[in-house]
Structures are given as C-alpha cells and as structure tokens.
Amino acid sequence: FTYASSAMADGTRSRVTPSMFYYYKGFGGFVEWVQSTQDAVQAGVTREFTNRGWNITGSYLLTGETTTGGIVRPRQPFDPEEGHWGALQIVARYSVANFDEDIFLSGFAGTNASDSAHQFTIGVNWHPASVFKYYLNYERTGFGETATSARATENGIFFRTQLGICRAQEST
C-alpha cells in the first residue's frame with residue numbers, strides 16, 4: 001500500500017494486536033490479528049483510516065526437539081564427524097492485510113495501491129547450534145484491486161542467517 005503523492009501519514013497512530021501461541025512437543029503455532037488506525041493528511045484535510053489483518057503460522061521440528069517461543073536447542077548440535085547436524089524445522093504462514101475502503105474512495109491512496117494482500121510462506125529453518133539459525137523461505141503474495149489496474153502476484157525466495165549470543169547473568 002502507498003498513499004497518493006500528495007497524502008501522508010500524520011498524527012496519531014494506534015495498533016491493537018492480540019495474539020496467541022501454542023506449543024506441543026515439536027509443533028509451534030501462532031495466530032495474530034492486527035488493527036491499525038492512522039491519521040493522514042492531504043491538501044489540508046485530515047482523515048482517520050483503519051486497516052486490519054491477520055496471520056497464522058505453524059512450525060514443526062523434524063528432528064525431535066521440543067519447540068518453545070525462545071531459542072531452539074538442538075538435541076545433537078552440529079558435529080559432522082559424529083553425524084550430528086543440528087535441528088531442522090519446517091514452517092508455513094498465511095497472512096492477510098485489508099486496507100480501509102475509505103482511503104480509496106477519498107483519494108488518499110496511490111494509483112497503484114492495492115486494497116488487500118494475501119501471502120503464503122513456506123520454509124525450512126536449520127539450527128546447527130542454539131546460537132545459529134539459517135532460514136530459507138518461499139513467499140507468494142497476491143494483491144486485491146487497485147485504482148488503475150491489476151497488480152501482478154509476487155514471488156520471492158529469501159535466505160537469512162541469524163546469530164544469537166546469549167550471556168549468562170551472574171547472580172549476587
């Protein structure tokens with residue numbers, strides 16, 4: 001989504017984002033709903049718009065670890081000489097964003113702005129040790145109507161490396 005070139009976000013913005021987590025053995029689940037209300041100004045006129053969205057994410061550790069909301073700790077950290085490769089996790093997510101219809105009716109939306117987006121993601125996470133994580137994701141995003149034309153579906157492949165350093169606290 002983009003505002004028209006003569007419009008811009010201005011003033012108060014509020015967000016409500018209730019969410020729920022569920023973990024059982026190797027399965028992890030996450031559900032979230034979002035409502036964002038934003039003031040915007042164009043040609044001296046200020047309007048308030050409310051956008052909504054949600055997502056649901058699931059993951060499963062294929063190598064037998066127990067999942068949590070924190071760091072994945074492989075049962076057998078990466079050690080090729082011993083035949084240990086760390087933890088392997090599959091993930092999937094579906095998310096939806098819907099933009100306030102009034103943004104389009106009042107002329108605040110950019111000409112190529114879409115009124116909604118729907119995204120599907122699948123991926124694999126490799127945790128060779130508790131401080132390293134490698135992500136490989138495929139994402140497909142479809143878009144709703146625009147003011148001028150249909151917007152093409154987007155496909156992307158993302159690779160990311162994460163290093164998390166944990167420091168133990170000394171007790172006094």
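The shown structure was predicted, so the numbers you read here are calculated from the model rather than taken from an experiment. Note: hydrogens, waters and symmetry copies are ignored here, and every other heavy atom, side chains too, is used.
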- Query: Should Glu65 and Thr67 be marked as a side-chain hydrogen bond (donor to acceptor under 3.5 Å, both in side chains) after you check the CA-CA gap, both sets of side-chain angles, and the distance that decides it?
  - Reply: CA-CA 6 Å; Glu65 290 79 6; Thr67 193; over 6 Å; no
- Message: Pair Met8, Val41 - check side-chain contact (heavy atoms from CB on, under 4.5 Å), show working.
- Response: CA-CA 6 Å; Met8 63 188 303; Val41 64; 3.9 Å; yes
- Item | Any Val91 side-chain heavy atom under 4.5 Å of Asn137 side chain | yes
- Item | Close side-chain approach of Phe30 and Tyr22, heavy atoms under 4.5 Å | no
- Item | Aromatic plane relationship, Tyr3 with Phe49 - under 30° parallel, 30 to 60° tilted, over 60° perpendicular | tilted
- Query: To the nearest 0.5 Å, how far apart are CZ in Phe108 and OG in Ser6?
  - Reply: 8.0 Å
- Say you draw a straight line from CZ of Phe99 to CG of Asp115; how long is it, rounded to the nearest 0.5 Å? 9.0 Å
- Is there a side-chain contact between Asn125 and Lys133 (heavy atoms, below 4.5 Å)? yes
- Where is the tightest heavy-atom contact between Tyr134 and Pro128, given as atom of each residue plus distance? CE1-CG, 3.7 Å
- Note on the structure: Note: Tyr23 and Gly28 closest approach over all heavy atoms is CD2-CA, 3.7 Å
- Message: Run the side-chain contact (heavy atoms from CB on, under 4.5 Å) test on Gln35 and Thr50 for me, step by step, so that the C-alpha distance in whole Å, both residues' side-chain angles and the decisive distance to 0.1 Å come before the verdict.
- Response: CA-CA 7 Å; Gln35 178 174 297; Thr50 300; 3.5 Å; yes
- Item | Test item: Thr153 side-chain N/O and Gly142 main-chain N/O as donor-acceptor pair under 3.5 Å | no
- What are the two closest heavy atoms between Phe1 and Ala109, and how far apart are they? CE1-CB, 3.9 Å
- Query: Between Gln38 and Glu48, do the side chains contain an N or O donor and an N or O acceptor separated by less than 3.5 Å?
  - Reply: no
- Task: Mark yes or no for whether Asn55, through its side chain, and Ser95, through its backbone, hold a donor-acceptor pair below 3.5 Å.
- Result: no
- Polar side chain donor-acceptor pair, Asn155 to Arg140, under 3.5 angstrom: yes
- Item | Gap between atom CZ of Arg73 and atom OG of Ser130 - 0.5 Å precision | 5.0 Å
- Task: With the side chain counted from C-beta on, respond yes when Trp54 and Val31 share a heavy-atom pair under 4.5 Å apart, and no when they do not.
- Result: no
- Query: If you look at every heavy atom in Trp85 and Pro80, which pair is closest and at what distance?
  - Reply: CH2-CB, 3.7 Å
- Pick out which of Leu62, Ile122, Leu61 makes a side chain to side chain contact (heavy atoms under 4.5 Å, CB included) with Ile90. Leu62
- Check: Phe132 and Leu163 side chains under 4.5 Å, non-hydrogen atoms: yes
- Message: Please find the pair of heavy atoms, one from Pro74 and one from Ala87, that lie closest to each other, and give the distance.
- Response: CB-N, 3.8 Å
- Task: Answer with yes or no after comparing the ring centroid distance for Trp126 and Tyr135 against a 6.0 Å cut-off, counting only values under it.
- Result: no
- Message: Are Phe120 and Val96 linked, directly or through intermediate hydrophobic residues, by side-chain heavy-atom contacts shorter than 4.5 Å (ILVMFWY only)?
- Response: yes
- Query: Side-chain heavy atoms under 4.5 angstrom apart, residues restricted to Ile, Leu, Val, Met, Phe, Trp, Tyr: same cluster for Val124 and Phe159?
  - Reply: yes
- Between Asp102 and Arg47, is there a salt bridge with N-O shorter than 4.0 Å? yes
- Item | Residue pair Arg75 / Thr63, side-chain heavy-atom distance below 4.5 Å | no
- Item | Contact summary for Pro77 and His84, nearest pair of heavy atoms | O-CB, 3.2 Å
- Message: Closer than 3.5 angstrom, by distance alone: can the side chain of Asn51 be matched with the main-chain N or O of Asp100 as a donor-acceptor pair?
- Response: yes
- Task: Output, in order, the C-alpha distance, side-chain angles, deciding distance and verdict of side-chain contact (heavy atoms from CB on, under 4.5 Å) for Tyr94 and Gln119.
- Result: CA-CA 6 Å; Tyr94 188 75; Gln119 182 182 59; over 6 Å; no
- Report yes if some heavy atom in the side chain of Ser59 is under 4.5 Å from a heavy atom in the side chain of Thr57; otherwise report no. no
- Does OH belonging to Tyr24 count more than 12 external heavy atoms closer than 6.0 Å? no
- Run the numbers on Glu154 and Thr141 for side-chain hydrogen bond (donor to acceptor under 3.5 Å, both in side chains), then give the verdict. CA-CA 5 Å; Glu154 294 178 0; Thr141 307; 5.2 Å; no
- Message: Measuring only between side-chain heavy atoms, which start at C-beta, is Met20 closer than 4.5 Å to Glu32?
- Response: no
